[in-house]
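First comes the structure, then the notes that go with it.
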Amino acid sequence: MVVASGTNSYAKEMAIRKRIANIFNKREEDFPSLREYNDYLEEVEDMTFSLIEGIDVAAIEAKIAKYQEENAEQIIIARARKAEDLAAALAASKGVVAQIDATDGAMNQSSLAGSGVGGQGQYVPTLAGGALGQPRPTGQPVPLGGGLDMNSYAVDDEEMMKLRAERGGRAGGWSVELSKRRALEEAFGSIWI
């Protein structure tokens with residue numbers, strides 16, 4: 001029963017944190033100073049903790065409702081910005097580089113062909129106000145190759161496979177001596193006289 005209780009409290013905490021993060025979604029660049037941003041984060045965390053622990057829930061819910069009402073437009077803009085960042089990260093992870101046509105700010109369809117991005121009914125980020133600007137950095141690395149090719153291991157000979165296994169074991173802290181010593185200790189530890 002303790003595990004179920006812990007699981008429920010964890011699920012409750014995750015649901016509260018997700019809900020609060022959807023509402024209080026400002027970034028550091030939305031504030032004039034780092035101090036103001038940190039104060040904002042501290043206030044949000046205090047409200048989150050109080051909701052999780054059930055401390056003064058009515059007052060906090062009223063405060064959240066007031067914030068939502070006053071900042072509805074900013075919340076929507078931040079959600080759209082997050083969706084654009086996620087779409088750009090997804091495109092980058094697939095190796096797709098979307099080119100922007102300078103004349104109308106639209107996505108170049110030749111760069112999107114065959115990538116599954118920008119088709120009918122799918123999200124394509126647009127530039128705010130139709131102005132051509134620099135893409136926002138996503139913080140995600142752009143892969144240079146096609147990723148890990150599992151077929152490359154098939155051509156390795158037996159010697160190379162042994163070398164890889166040995167290096168992998170050593171990287172994890174395993175050694176032959178350690179294995180021998182443990183086997184001897186277990187063998188002598190199980191002898192009954």
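For the numbers below, each heavy atom of this structure counts, side chains included, while hydrogens, waters and symmetry mates do not.
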Inset, instruction - Starting from the C-alpha separation in whole Å, work towards a yes-or-no answer on salt bridge (charged side-chain N to carboxylate O under 4.0 Å, His left out) for E185 and K180. - result: CA-CA 9 Å; E185 286 176 3; K180 287 179 183 177; over 6 Å; no
Inset, instruction - Indicate yes or no for a side-chain donor-acceptor contact from R79 to the backbone of N22 under 3.5 Å, with no hydrogens or angles considered. - result: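 Present.
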Legend entry - Donor-acceptor under 3.5 Å (N71 side chain, Y67 main chain):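 Confirmed, N71 side chain pairs with Y67 backbone.
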Inset, instruction - Using a cut-off of 6.0 Å, state whether more than 12 heavy atoms not belonging to E73 lie near its atom CD. - result: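 Check fails, neighbour count at 12 or below.
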Inset, instruction - May I ask you to check whether over 12 heavy atoms, not counting those of E186, lie within 6.0 Å of atom CD? - result: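 Yes, enclosed.
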Legend entry - Whether Y40 and F24 hold their rings parallel, tilted or perpendicular, with breakpoints at 30° and 60°: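 Plane angle between 30° and 60°, so tilted.
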Inset, instruction - Decide yes or no on side chain to side chain contact (heavy atoms under 4.5 Å, CB included) for S50 and I60, but give the supporting numbers first. - result: CA-CA 8 Å; S50 296; I60 293 173; 3.0 Å; yes
Any carboxylate oxygen within less than 4.0 angstrom of a Lys/Arg side-chain nitrogen, looking at [X] and [Y]?
{"X": "K63", "Y": "E43", "value": "yes"}
{"X": "R181", "Y": "E177", "value": "no"}
{"X": "R19", "Y": "E13", "value": "no"}
{"X": "K26", "Y": "E36", "value": "no"}

Point-to-point distance, once rounded to the nearest 0.5 Å, from [atom1] of [X] to [atom2] of [Y]:
{"X": "K18", "Y": "T48", "atom1": "NZ", "atom2": "OG1", "answer": "15.0 Å"}
{"X": "L90", "Y": "D85", "atom1": "CG", "atom2": "CG", "answer": "12.5 Å"}
{"X": "E70", "Y": "I75", "atom1": "CD", "atom2": "CD1", "answer": "10.0 Å"}

Inset, instruction - Determine, stepwise, if the pair D30 / Q74 fulfils side chain to side chain contact (heavy atoms under 4.5 Å, CB included). - result: CA-CA 10 Å; D30 296 332; Q74 290 177 343; over 6 Å; no
Inset, instruction - List the steps and the verdict of side chain to side chain contact (heavy atoms under 4.5 Å, CB included) for E61 and V57. - result: CA-CA 6 Å; E61 288 293 342; V57 174; 4.0 Å; yes
Legend entry - Worked check of side chain to side chain contact (heavy atoms under 4.5 Å, CB included) between D39 and R35: CA-CA 6 Å; D39 290 343; R35 177 73 177 165; 4.0 Å; yes
Legend entry - Heavy-atom side-chain proximity of I16 to I20 below 4.5 angstrom: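 They are in contact (side-chain heavy atoms under 4.5 Å apart), so the answer is yes.
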Legend entry - Verify same cluster id: L41, F31 (apolar side-chain graph, 4.5 Å):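 They do share one cluster, since a chain of ILVMFWY contacts under 4.5 Å joins L41 to F31.
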Legend entry - For the student: nearest non-hydrogen atoms of I64 and I23, plus distance: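 Shortest heavy-atom contact: CG2-CD1, 3.6 Å.
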